[in-house]
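Structure first, commentary second.
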Amino acid sequence: MTAPVRVRFAPSPTGTLHLGSARSALYNWLFARHAGAEGTYVLRIEDTDAARSTPENVEQALRVFRWLGLDWDEGPGVEGPHAPYFQSQRGDRYTAALDQLFASQDVYRCFCTKEELDAERAAAQAEKRPFVYSGRCRDLPVADAVARAEAGEAHVVRLRVPEGEVTVVHDVVVGDSEFENALLGDFVVARADGSPLYNFANVVDDAEMRITHVIRGNDHLSNTPRQVLLYRALGHDVPAFAHLPMVLGPDGAKLSKRRHHTSTVEQLALAGYAPEAVRNGLALVGWSKDGETTTMSTAELVEHFDLTRVKKSSAQMDYGILASINGDHLRAMEPVTWADGYAAWRDEWLPADDPHHEAARVVEPSVAARLVQEKCATWGEVPEYLGFLLEPFTMSEEASKRFAKTGDDGVRVLDHIIPVLEALPSFTLEALEAALRGAADDLELKPGKVFAPIRFAVTGRTIAPGLWESIHELGRDRSLERLRAGRERLVAAAAEAVEA
RNA sequence: GCCCCGUUCGUCUAGUGGCCUAGGACGCUGGCCUUUCACGCCGGUAGCACGGGUUCGAAUCCCGUACGGGGUACCA
């Protein structure tokens, strides 16, 4: 049995969830679920930046997060024993914690101005010496400091960092890292306006929410000694840490929405990825079950996930692998499941002004499943396959070129097949396949030679479902209409070629 | 500058001193299958950053260098 585990994901709701954050959210979730009933997954919204944390952004963030399917046990909407779960509503907790630290004299008021500090910093830089706060205000008599503060003098609050010690961060992924307190300096925990800084608010929240494992990006590792110091000052147990390797863009640069088209979860949803596949693909960036297994259900992920198997080194995002995994998942689905997922994508994510909007709706999702489930790596590719069902008929440039190439044989084939289809007693898939294969025999041509002109005439595309499926779905009348028109076009093209 | 972390095929990764003439996946590529596009199957391609140690033996341990990343804020 596993010890009770409490983890959290604490996004700032700036509208988008990039893949690095999503992976952190996923690992926290997998870790909690792996612990079974003993595991709790908390979602806390870090909305202290009022300007960017609009209600719309929060809602947008939650929408994307729900799509990813990482259900939370405590947080917005479900609440829980440590509510509120919005940092913006927890101001009193930070004030109380700060009061506690004042009482124990673990923090002190610092009246140094920004200008003074900038000058110190510049001087340190010039001497190629690390900048550490001098501690000038550290030993101001408390009574004096309080008096100045009450007189309205601007000041920040700093932690009295124990001198001459080394703070060790124990990390499940990275191992132990040592940080000299002397290099940390007495860092700021609250601004002049009394608002808490990230490190402080974070520790207060995590401590009060009884978080046992802090699983987050490696970019927070350097902050961790400060946080450890804060836990101690507040008299709380220090949680276990797990710093995850960074997720970089495919080019090795930082992930950015600007440079990378699918750098956010929302973009993946839009592109027609399946949530289960994204969980699978993201889990494999920095972790592996055994180095062999790639396609895994979420249940398998939960069963096998292990923080100690997480890599230390950062990874570049490979969207090709993600797409491949998505294709595996899509193909493995029950057709009904596939159709439901497709419908959800089409109706909830495909923008109304998308050029594929119409094609995406030309048939029922269950029909789309029958036609193209086997062929698509993402639901976003489906409309392209279904486009041939749209009216009016159009022919792509590539198809047009290849159609013309079929030449006299093409005309022969069409002349042969049109009456055959007209006469077909029942227009079933089986009958169509038999008729088309029979045509190849009758004409004494290779199947490919026979099918090519028919395909181009009927679909006008180089990308479409299977031939008989396509014809069957189009129906007898429309298929024949297109075959006849195609024949005329082919004859005309041949004539033109002769003239030229 | 200083501090912390990292470095296995193009990419994601397996590998914790002998099972490694380094395994899997994606990609690329040759072939098969074949009704376009895909899928599937068979094969190929390519890697332990570099230099020193330690050891009978090192991708694995130690030191250094290079490179990459993160931090160094009254940002998160």
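Chain naming here is simple, since letters A, B, ... match the order of the sequence lines and numbering starts at 1 in each.
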When all nucleic acid strands are considered with a 4.0 Å heavy-atom cut-off, which category describes [X]: base, sugar-phosphate, or nothing?
X	answer
R402(A)	sugar-phosphate
G286(A)	sugar-phosphate
A315(A)	sugar-phosphate
P465(A)	base
E178(A)	sugar-phosphate
R309(A)	sugar-phosphate
F456(A)	nothing

Taking atom [atom2] of [N] as reference, at what distance in whole Å does atom [atom1] of [X] sit?
X	N	atom1	atom2	value
L330(A)	C37(B)	CG	C1'	16 Å
K312(A)	U7(B)	NZ	P	7 Å
I325(A)	U13(B)	CD1	P	11 Å
E374(A)	U34(B)	CD	P	16 Å

*Just checking, R129(A) and F131(A): is the charged tip under 6.0 Å from the six-membered ring centre and within 45° of the axis?*
no
*Would R226(A) count as a cation-pi partner of F187(A), with NZ or CZ less than 6.0 Å from the six-membered ring centre and within 45° of the ring normal?*
yes
Counterpart residues, side chain to side chain contact (heavy atoms under 4.5 Å, CB included), relative to [X] (two or more places apart):
X	value
R461(A)	F388(A), T394(A), T459(A)
T293(A)	K289(A), D290(A), M296(A)
V156(A)	C110(A), R158(A), V188(A)

*Would you please name every residue forming a ring pair (Phe, Tyr, Trp, His ring centres under 6.0 Å) with H155(A), sequence neighbours left out?*
F111(A)
*Do you know which two heavy atoms are closest between A22(A) and L282(A), and how far apart they sit?*
CB-CD2, 3.8 Å
Counting only side-chain N and O atoms of [X], is one of them less than 4.0 Å from OP1 or OP2 of [N]?
X	N	answer
R129(A)	G1(B)	no
K128(A)	C2(B)	no
S288(A)	A14(B)	yes

*Tell me the partner of G43(B), counting only Watson-Crick (N1-N3 plus N6-O4 or O6-N4) or G-U wobble (N1-O2 and O6-N3) with both under 3.5 Å; none if nothing fits.*
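Looking at the geometry, G43(B) pairs with U29(B).
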*Could you please name the partner base of U7(B), counting Watson-Crick and G-U wobble pairs only when both distances are under 3.5 Å?*
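Check on U7(B): paired to A66(B), both distances under 3.5 Å.
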Roughly how many Å apart are [M] and [N], using the [atom1] atom of each and rounding to a whole number?
N	M	atom1	answer
A59(B)	C20(B)	C1'	9 Å
U55(B)	G44(B)	C1'	37 Å
A66(B)	G51(B)	P	15 Å

Donor-acceptor pairs under 3.5 angstrom involving side-chain atoms of residues 370-377 of chain A: please list them, not counting sequence neighbours.
from, atom 1, to, atom 2, distance (Å)
R370(A), NH2, E473(A), OE1, 3.1
Q373(A), NE2, L330(A), O, 2.9
Q373(A), NE2, M333(A), O, 2.9

Within the sub-3.5 Å range, which N or O atoms of nucleotides 43-49 of chain B have a protein N or O partner, and how far apart are they?
none

*When syn is taken as a glycosidic angle within 90 degrees of 0, is C4(B) syn or anti?*
anti
Could you pull out the protein-nucleic contacts involving nucleotides 18-20 of chain B (nitrogen or oxygen on both sides, under 3.5 Å)?
none

*In the 5'-to-3' direction, what one-character label does each nucleotide of nucleotides 63-76 of chain B receive under the scheme B = base within less than 4.0 Å of a protein heavy atom, S = sugar-phosphate only, - = no such atom?*
------SBS-SBSB
*asked:* Each nucleotide in nucleotides 21-27 of chain B should get exactly one letter: B, S or -. Can you fill that in based on protein heavy atoms under 4.0 Å?
replied: --BBSS-
Donor-acceptor pairs under 3.5 Å, side chain of residues 161-180 of chain A to any protein atom, not counting sequence neighbours: which ones?
from, atom 1, to, atom 2, distance (Å)
E163(A), OE1, R138(A), NH1, 3.2
T167(A), OG1, N181(A), OD1, 2.6
H170(A), ND1, D176(A), OD1, 2.9
H170(A), ND1, D176(A), OD2, 3.3
D171(A), OD1, V173(A), N, 2.7
D171(A), OD1, V174(A), N, 2.8
D171(A), OD1, H243(A), N, 3.3
D171(A), OD2, H243(A), N, 2.9
D171(A), OD2, H243(A), ND1, 2.6

Check this for me, if you would: do [X] and [Y] make a salt bridge, where the nitrogen-to-carboxylate-oxygen distance has to be below 4.0 angstrom?
X	Y	answer
D409(A)	R412(A)	yes
R44(A)	E46(A)	yes
R160(A)	D186(A)	no

_Within residues 315-329 of chain A or reaching into it, pairs that qualify as salt bridge (Lys or Arg N to Asp or Glu O under 4.0 Å) - sequence neighbours excluded_ = D328(A)-R331(A)
If you look only at distance, which donor and acceptor atoms sit under 3.5 Å apart when one is on a side chain in residues 119-126 of chain A and the other is two or more places apart or in another chain?
from, atom 1, to, atom 2, distance (Å)
E120(A), OE2, R136(A), NH2, 2.3
R121(A), NH2, D118(A), OD1, 3.4

_Derivation of the side-chain hydrogen bond (donor to acceptor under 3.5 Å, both in side chains) call for T298(A) and R279(A)_ = CA-CA 7 Å; T298(A) 299; R279(A) 276 176 245 134; 2.6 Å; yes
